[in-house]
Number of protein chains: 2
Amino acid sequence: MPPRKRATITDVAAAAGVAASTVSRAFTNPGRVNHQTREHVLAVAEQLGYAPNPAARALESGRTGTVALLVPDITNPYFAGVIKGAERAAARAGLTLVLGDTSENPGAEAELVRRLGPAVDGFVLSASRLPDEELRRAAELNPIALVNRATPGLACVVADYDAGTRQIVDHLASLGHEALVFLGGPPESWSGARRWAGLRAAAEARGMTATRFGPYAPVLAGGPAAADAVLAAGATAVVAHNDMLAIGVMLRLAERGVAVPGEVSVVGFDNIVGSDFCSPALTTLAERTEDAGARALEAVAAQVLTRSDDPPTRVLPTQLVVRRSTGPADR
Amino acid sequence: MPPRKRATITDVAAAAGVAASTVSRAFTNPGRVNHQTREHVLAVAEQLGYAPNPAARALESGRTGTVALLVPDITNPYFAGVIKGAERAAARAGLTLVLGDTSENPGAEAELVRRLGPAVDGFVLSASRLPDEELRRAAELNPIALVNRATPGLACVVADYDAGTRQIVDHLASLGHEALVFLGGPPESWSGARRWAGLRAAAEARGMTATRFGPYAPVLAGGPAAADAVLAAGATAVVAHNDMLAIGVMLRLAERGVAVPGEVSVVGFDNIVGSDFCSPALTTLAERTEDAGARALEAVAAQVLTRSDDPPTRVLPTQLVVRRSTGPADR
DNA sequence: GTGAAAGCGCTAACAC
DNA sequence: GTGTTAGCGCTTTCAC
C-alpha cells in the first residue's frame, strides 16, 4: 500500500525555487519575507495543495495546536452545549478540539488524561470525577480548565448555583410553597452537591423546609422511584437533580393521575432540549453551557501562552426559566 | 515561562541504562527485546510518568493515531449518537477522535478537511454537504467514510430508508390513511431526499397519495408553518423530515386545538431523546446512529491499514417505533 | 538482544 | 531577505 503523497515544505521550496525556511517564514512570519517571494511561495503551495504538517510543527515547538475536552457522557444533552461552546472557541483560536468520553468513569478519565497528555496543549475537563490531588498533578503537565467543578489552584468555570437556587426557592415561596423536596443525583456529583447546598441555604433563609431524597439515577428511568417517594411524603414542590429526572418524575406523576402543577410543582436543572416541549413544559434553571465551554477553552488557551500562577475562577450567571410545571401550592 | 517538563524517551533510556532504541522497542515491539530488560524499562518509564509523544511518532510513521469526525451541528441530538459510537470505536481501536462542527456549512467543512487533513489519519464525514467531486478529491489524501450520504467509490454507512419508509407507509395504511404529507427539510439534505424518495415509492406501491410540502427548517421553530400548511390541506397523516420538526408541528397543532392522533397522525425520523417524552409520544423511525458512527470509524481505521480499492457500503437497519402520535384515520 | 545513527517535516538560530 | 544548519522525540535500518 503506497502511502498517500502529500506535499511537504521541501516540495514547495523546490517548486518555488527557494529554501525551505523561506516557505516556513512565508506561512508563519509574513513580515520577514519579501512580499513578492511570499506571494509566489503561497501560490506554489496552494497549487501543490500544501498544508503544514501539525505533527512536525508540534515536535519543534512543543505546541500541538490541540486542546482536549473530556466529558462524562457525550450523549447527555447537557454537555452538548459545553462541547459546542468549546468547539467554537477552539476554532476561533485556531485550535483543534479533541473529544473524549469518560463514561462517567474516573479510571477512564485518568487514562485519557495520561494518554492524550503529550498530544494536546491542554485539557478542558467537564464535570470531572478526578480527585483534587490528581487534577493538580495533571495540571503540572498540561494547562487545565474545569467546568462545573472547582479545585483550588485550577482555572474553573462554574455556574452560579447560589443565585440560581435562590431564584428557585424564591419562585416556589412566592407561589405559596412552604416546603420542598430535592431529588438528589449521583453522590459524587460536584454540581449536585452545590445544588443541594444552595437550595438548603436559600430555603432556610426563606423559612422554608428543604428535604433531600435519593440518590436517584439522573435519567428518565430515575423518575418512577423519585415520584413515588414524593407522593408518599405528600410534598407539594420538588426540585430534581436535573431535567431528565424531573421529566421522568412528571411522566410518573401523570401515570398516577397527579396533576402538575395543580398538586405538585416540579423544577429541574439544565434547561435541556426537550424541557421546552415536555408536558407540562418544565420550569428549570438554565446554565450558560456554551459560554462555559467557550470560557474554559479560552482559559486553557491563555495558560498555554502565559502560565499564570493564579488561574481565574469564573462564575457564570444562571437563569430560572419559568414554564408550566410550577404553580400555586395546593392547600 | 518554563515549558512543562515531560519525560522523553531519552530520559527513560538514561534512567534505565539502555539506549533510546531499546525503550522504543520495549513499547512498540515487545517481542524483540529481552523480557527482563523490557520489564525494567517499563517500570522506569512508569515511574517517570513517561508517555510516548504522538507527534514525534506521527512524524516518522506518517500515522497520527487520530481520526476526525465532522458533523453539521454538535448540539443536534441526532449526531450525539454518531459521535458517541465513533468515540467508542476510536477508543477500542486505540485512536483519538477529533471533533469538528461544520455549522451546516460546506465552506467550513471544506476548510476543516483541508486544515485537519495532515493532522489525522482519516475522516468520518457525517451528513456531508460537500459535492461528490470534492469528496473524492479529499479521499485521495485521507481515508474517508461517510455517514448517511452515499458517494460512489467511498465507504458509506447509510440507514435503510427504503425499508424504513415502507414501514411508515405500511403503518399508516394499516390505520386506514389514504394519503400522507411529507414535510421536507433542507433541500441539500441527502437523507431528506432519500426519505422522500422512499415514502413516495412505498406510497405508490400501496396505492396511497404522497405529497411533499416545504422545505421547512428541521427544528421546533419550523413547526408552525408546517402545521398550518397541513391543516390548510386537510391532511390526516404527516411525516416530518425529522423529530424536531414533528414535535414542532405537534406543538402547533395542540395550540390550534387539533387532536393528535385523533385528527392528524404525526410521524418523525430519528428517535431523538425527547421523542419519547413529548406529548403525545412520537411515532418515529429509529436509526442506529451509534452503530453508524462506530462502523464508519472502523471503515476509516481499516482503510488506514489497507487501502482498499472498493470501500464497502453498509446499510444499517431502521426500526419504526410506534408511540401515541399515530392513530386511525379520521373520517 | 542491543546500540549507534539517520531521518521524518518543520522551525529557529545563525550566517551571509 | 534569504539560505544553511541543527535539532524537536521517536522509529528504524544496520551493525555488532
Side-chain angles (χ1 to χ4, degrees), chain A residues 2-42 44-45 48-66 115-121 141, chain B residues 2-42 44-45 48-66 115-121 141:
Chain A
R4 325 209 171 205
K5 62 252 150 183
R6 205 177 255 287
T8 74
I9 202 170
T10 33
D11 296 336
V12 176
V18 298
S21 50
T22 302
V23 178
S24 172
R25 279 188 282 257
F27 277 92
T28 55
N29 235 329
R32 295 209 327 218
V33 65
N34 180 298
H35 184 67
Q36 302 245 340
T37 324
R38 183 172 133 82
E39 293 289 289
H40 179 223
V41 167
L42 260 33
V44 170
L48 262 46
Y50 167 78
N53 181 329
R57 212 171 237 185
L59 197 49
E60 167 68 15
S61 65
R63 304 218 353 239
T64 61
T66 278
R115 195 170 66 83
L116 255 28
V120 302
D121 288 344
L141 294 172
Chain B
R4 324 210 171 206
K5 60 245 153 190
R6 205 177 257 287
T8 74
I9 202 170
T10 34
D11 297 335
V12 176
V18 298
S21 46
T22 302
V23 178
S24 172
R25 278 187 283 257
F27 276 92
T28 56
N29 235 328
R32 295 213 322 223
V33 63
N34 180 297
H35 183 68
Q36 302 244 341
T37 323
R38 182 171 134 82
E39 293 289 289
H40 179 223
V41 166
L42 259 33
V44 171
L48 261 46
Y50 167 77
N53 181 329
R57 212 171 239 185
L59 196 49
E60 168 68 16
S61 65
R63 305 220 351 242
T64 61
T66 278
R115 195 169 66 82
L116 256 27
V120 301
D121 288 344
L141 293 173

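Computation of the quantities below employed the complete heavy-atom set of this structure, encompassing side-chain atoms and omitting hydrogens, waters and symmetry-equivalent molecules. Each chain gets a letter, A, B and so on, in the order the sequences are listed, and its residues count up from 1.
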Legend entry - Nearest-nucleotide pick for B/Ser24, side chain only, options being D/dC10, D/dG9, D/dT11: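 Nearest nucleotide to the side chain: D/dT11.
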Legend entry - Sugar-phosphate, base or nothing in reach of A/Thr8, heavy atoms under 4.0 Å: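 Sugar-phosphate: the residue A/Thr8, judged by heavy atoms under 4.0 Å, touches backbone atoms but no base.
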Inset, instruction - Give one of base, sugar-phosphate or nothing for A/Pro52, where a contact means two heavy atoms less than 4.0 Å apart. - result: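 The answer is sugar-phosphate, as A/Pro52 gets under 4.0 Å only of primed atoms, P, OP1 or OP2.
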Grab the two heavy atoms, one from [X] and one from [Y], that are nearest each other, plus how far apart they are.
{"X": "B/Asp11", "Y": "B/Arg6", "answer": "OD2-O, 4.0 Å"}
{"X": "B/Ala16", "Y": "B/Val44", "answer": "CB-CG2, 4.0 Å"}
{"X": "B/Ala26", "Y": "B/Val33", "answer": "CA-CG1, 4.1 Å"}
{"X": "A/Val12", "Y": "A/Val41", "answer": "CG1-O, 4.1 Å"}
{"X": "B/Ala19", "Y": "B/Ala13", "answer": "C-CB, 3.7 Å"}

If I take atom [atom1] from residue [X] and atom [atom2] from residue [Y], how far apart are they, to the nearest 0.5 angstrom?
{"X": "B/Asn34", "Y": "B/Glu39", "atom1": "CG", "atom2": "CD", "answer": "10.0 Å"}
{"X": "A/Ser24", "Y": "A/Asn29", "atom1": "OG", "atom2": "CG", "answer": "8.0 Å"}
{"X": "B/Ile9", "Y": "B/Arg57", "atom1": "CD1", "atom2": "CZ", "answer": "8.5 Å"}

Atom [atom1] of [X] to atom [atom2] of [N]: distance rounded to whole Å?
{"X": "B/Asp11", "N": "D/dG9", "atom1": "CG", "atom2": "P", "result": "8 Å"}
{"X": "A/Arg63", "N": "C/dA12", "atom1": "CZ", "atom2": "P", "result": "10 Å"}
{"X": "B/Asn53", "N": "D/dT11", "atom1": "CG", "atom2": "C1'", "result": "13 Å"}
{"X": "A/Ile9", "N": "C/dC10", "atom1": "CD1", "atom2": "C1'", "result": "6 Å"}
{"X": "B/Glu39", "N": "C/dG1", "atom1": "CD", "atom2": "C1'", "result": "16 Å"}

Inset, instruction - Please state whether the base of D/dG9 and the side chain of B/Glu60 form at least one donor-acceptor pair under 3.5 Å? - result: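 No pair found.
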Inset, instruction - Verify the contact: side-chain N or O of A/Arg57 to OP1 or OP2 of C/dT11, cut-off strictly under 4.0 Å; return yes or no. - result: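 A/Arg57 to C/dT11 OP1/OP2: side-chain N or O found under 4.0 Å.
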Legend entry - Of residues 27-38 of chain A, the positions that come close to DNA chain D - non-hydrogen atoms, cut-off under 4.0 Å: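 When residues 27-38 of chain A is checked for heavy atoms under 4.0 Å from DNA chain D, the hits, listed by number, are A/Arg32, A/Val33, A/Asn34, A/Thr37.
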Please write out each protein N/O paired with an N/O of nucleotides 3-5 of chain D under 3.5 Å, distance rounded to 0.1 Å.
{"from": "D/dG3", "atom 1": "OP2", "to": "A/Ala19", "atom 2": "N", "distance (Å)": "2.9"}
{"from": "D/dG3", "atom 1": "OP2", "to": "A/Thr22", "atom 2": "OG1", "distance (Å)": "2.5"}
{"from": "D/dG3", "atom 1": "N7", "to": "A/Ser21", "atom 2": "OG", "distance (Å)": "3.4"}
{"from": "D/dG3", "atom 1": "N7", "to": "A/Arg25", "atom 2": "NH2", "distance (Å)": "2.8"}
{"from": "D/dG3", "atom 1": "O6", "to": "A/Arg25", "atom 2": "NH1", "distance (Å)": "3.2"}
{"from": "D/dT4", "atom 1": "O4", "to": "A/Ser21", "atom 2": "OG", "distance (Å)": "3.1"}

Inset, instruction - Would you indicate whether the side-chain heavy atoms of A/Thr8 and A/Asn53 approach each other to under 4.5 Å? - result: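 No. Closest side-chain heavy atoms not under 4.5 Å.
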